[in-house]
Amino acid sequence: MQLTGKDICFRYKTKSPWILKDVSLSIESGERVGVVGPSGYGKSTLARILSGYEKPVSGEVKLDGKDLPGKGYCPVQLIYQHPELSVNPRLKMGDILHEAWTPDKELLDRMGIEKKWFTRWPTELSGGELQRFCIARVLAPQTRFLICDEITTMLDAITQAQIWHLLLEECEKRNLGMMIITHNKSLAERVCTRVIELPELNNVERADV
Amino acid sequence: MHKYHKKSRILNKRVALLITMIIAAVYLVGIFIWGCCIGEDSYAVNFGNKFLPPSAEHWFGTDNLGRDMFFRSIKGLSLSMVIGVISVAISSVIAIVMGILSAVFGGWVDKVVNWAVDLCMGLPHLVLLILISFMLGKGVFGITIAAAVTHWPSMTRMIRQEVLQVRNSQYVQAAYKMGRSRWQVAIKHIIPHILPVYFIGVTLLFPHCIMHESAVTFLGFGLPREMPAIGVILAEAMTHIVTGKWWLAVFPGIMLLIAVIFFDLIGEGLKNLLNPHTGNE
């Protein structure tokens, strides 16, 4: 399968400056594309557009030549930078994990998720533990592409390594395509099969470029 | 939601909060029901008993017409609560409708609602209350409507804010992407987020309404003089307090104060219990 973004332009309001201009890229299944660039260059915006959270002002996002589905489980899933913001603080972890599907025990074991955490509230888990839940809940069988928006930036080195290890393993096994957004170039070079510098792709003229 | 709830861990803070809230609720509901049951005989005019100080027979003493102040206070407070319940019910419905409309539709709807809120908040509350009550011919009807149409702005703002916040939150957007329908998201994420805010808002509106009702009545623009309302009682007490009849003002005043504090207590308790960060401690 192929996820493509063609000539994507984006700005928040009709008169605000362009954030993305004529950005085109495509990701194949099994490919891990790293997107690097300084902050404020539209990395996260690109992630939100490719996963269908935001509509581009012009240009299109296609999955195998078709639009992303508006309803139902989206085959392109975004994992957020801040896991504590992407879970409902009023739900217990078990409910959060089972939002879309029920992962089997084997996956949970490999993800390092313990069953006893299910009865806890999100505030009672650490960032790394929460992020595992956030990853596991979007690994439903229908998922084809994963878009990781700085998913390990706030974690310590050991947890980072753990999370990447299990995420890469899972993606390899299922032949998922990944887009990995990071400002950490060495991380991108280690985990990705291909690295894109967003400023080179983006045709926005910036005063400081 | 309760599938993973363990009942075994009951924590002290939670229990203490619950107990205070229950005591407060019992006091308020008790006064309300008792007040409804009291007949006019209990505080009938009796010139033989003029200005009796507090005693075992008349706990709060009697006034210039020999009426028992204890029963008058209870009856008055209960009447205030009835007015409070009706006006809060109307206010909160206005607030929830306006708040959700302005958050969901945005654009000019949002602008109009915000203007209305600003307009209502910009005027001194008491002046607006007196004006509306006076226009509607005072009495129970006037004061209830006046309180009902002046207490929605702050709650509208609160609900609008909460709806906006939860709609734009990452977990709600992620839920849509994970294939949840609008209804499922509303039931699982949005309503559980708005409902506590609504209940807290309602309980915190009560003391406001009651205080304002008493204030307007005290100033002579609310309930008629022959009704046993706290505002009326306090206004009458003013004329006798210089002659040393302290019980006329002190006891009804304290009763009102306790009721208001208890409502606040319940509101704050609910806030702490329903907030996910403090509620799980």
Side-chain angles (χ1 to χ4, degrees), chain A residues 44 47-48 50-54 68-102 115-125 130 133-143 145-147 149, chain B residues 1-11 13-14 106-107 110-111 159 161-200 270-281:
Chain A
S44 294
R48 289 175 61 79
L50 283 181
S51 49
Y53 281 82
E54 209 91 57
L68 291 178
K71 273 187 197 162
Y73 191 89
C74 184
V76 183
Q77 286 288 337
L78 177 66
I79 305 172
Y80 287 95
Q81 179 174 6
H82 302 289
E84 65 280 6
L85 294 180
S86 55
V87 299
N88 187 343
R90 286 177 195 282
L91 294 184
K92 296 232 167 168
M93 291 318 299
D95 287 318
I96 289 166
L97 183 66
H98 299 147
E99 175 96 48
W101 70 301
T102 312
K115 256 228 153 90
K116 66 176 187 212
W117 293 347
F118 281 18
T119 56
R120 295 207 194 153
W121 300 99
T123 45
E124 295 169 333
L125 292 184
L130 275 180
F133 275 92
C134 290
I135 294 171
R137 74 175 176 177
V138 296
L139 283 178
Q142 304 96 304
T143 306
F145 287 91
L146 275 181
I147 300 192
D149 185 4
Chain B
M1 194 168 167
H2 299 287
K3 210 157 68 184
Y4 304 103
H5 211 99
K6 254 196 266 170
K7 283 257 158 66
S8 57
R9 271 200 313 173
I10 299 172
L11 294 150
K13 202 176 162 190
R14 225 183 145 92
D110 190 27
K111 274 195 185 129
I159 287 175
Q161 190 58 37
E162 292 295 328
V163 174
L164 280 181
Q165 196 195 335
V166 73
R167 275 183 85 216
N168 295 327
S169 70
Q170 289 181 358
Y171 58 84
V172 165
Q173 298 191 341
Y176 284 129
K177 284 284 156 212
M178 281 186 270
R180 304 282 99 181
S181 68
R182 276 170 168 270
W183 266 111
Q184 285 168 319
V185 170
I187 289 166
K188 200 168 178 193
H189 295 289
I190 296 181
I191 293 175
H193 186 84
I194 303 300
L195 222 50
V197 180
Y198 177 75
F199 282 131
I200 294 161
L270 272 180
K271 207 192 261 181
N272 285 332
L273 284 180
L274 296 176
N275 184 312
H277 296 289
T278 51
N280 310 329
E281 275 172 14

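Hydrogens, waters and symmetry mates are skipped; everything else that's a heavy atom, side chains included, is used. Remember, predicted model here, so these are calculated numbers, not experimental data.
Looking only at heavy-atom pairs under 4.5 Å with chain B, the residue among P69(A), G72(A), A140(A), G52(A) that has the most is G72(A). Of the listed residues (S86(A), C74(A), A100(A)), the one with the most heavy-atom contacts under 4.5 Å to chain B is S86(A).
Between the Q170(B) side chain and the E84(A) main chain, no donor and acceptor come within less than 3.5 Å of each other.
Residues A174(B) and Y80(A) come closest through the heavy atom pair CB-CE1, 4.1 Å. The heavy-atom pair separating P196(B) from R90(A) by the smallest distance is CG-NH1, 3.9 Å.
H189(B) has its side chain within reach of E99(A): a pair of non-hydrogen atoms, C-beta onward, lies under 4.5 Å apart.
Neither the backbone nor the side chain of T143(A) comes within contact range of chain B; no heavy atom of the residue lies under 4.5 Å from a heavy atom of that chain.
Atom NZ of K188(B) and atom CG of D95(A) lie 5.5 Å apart (nearest 0.5 Å).
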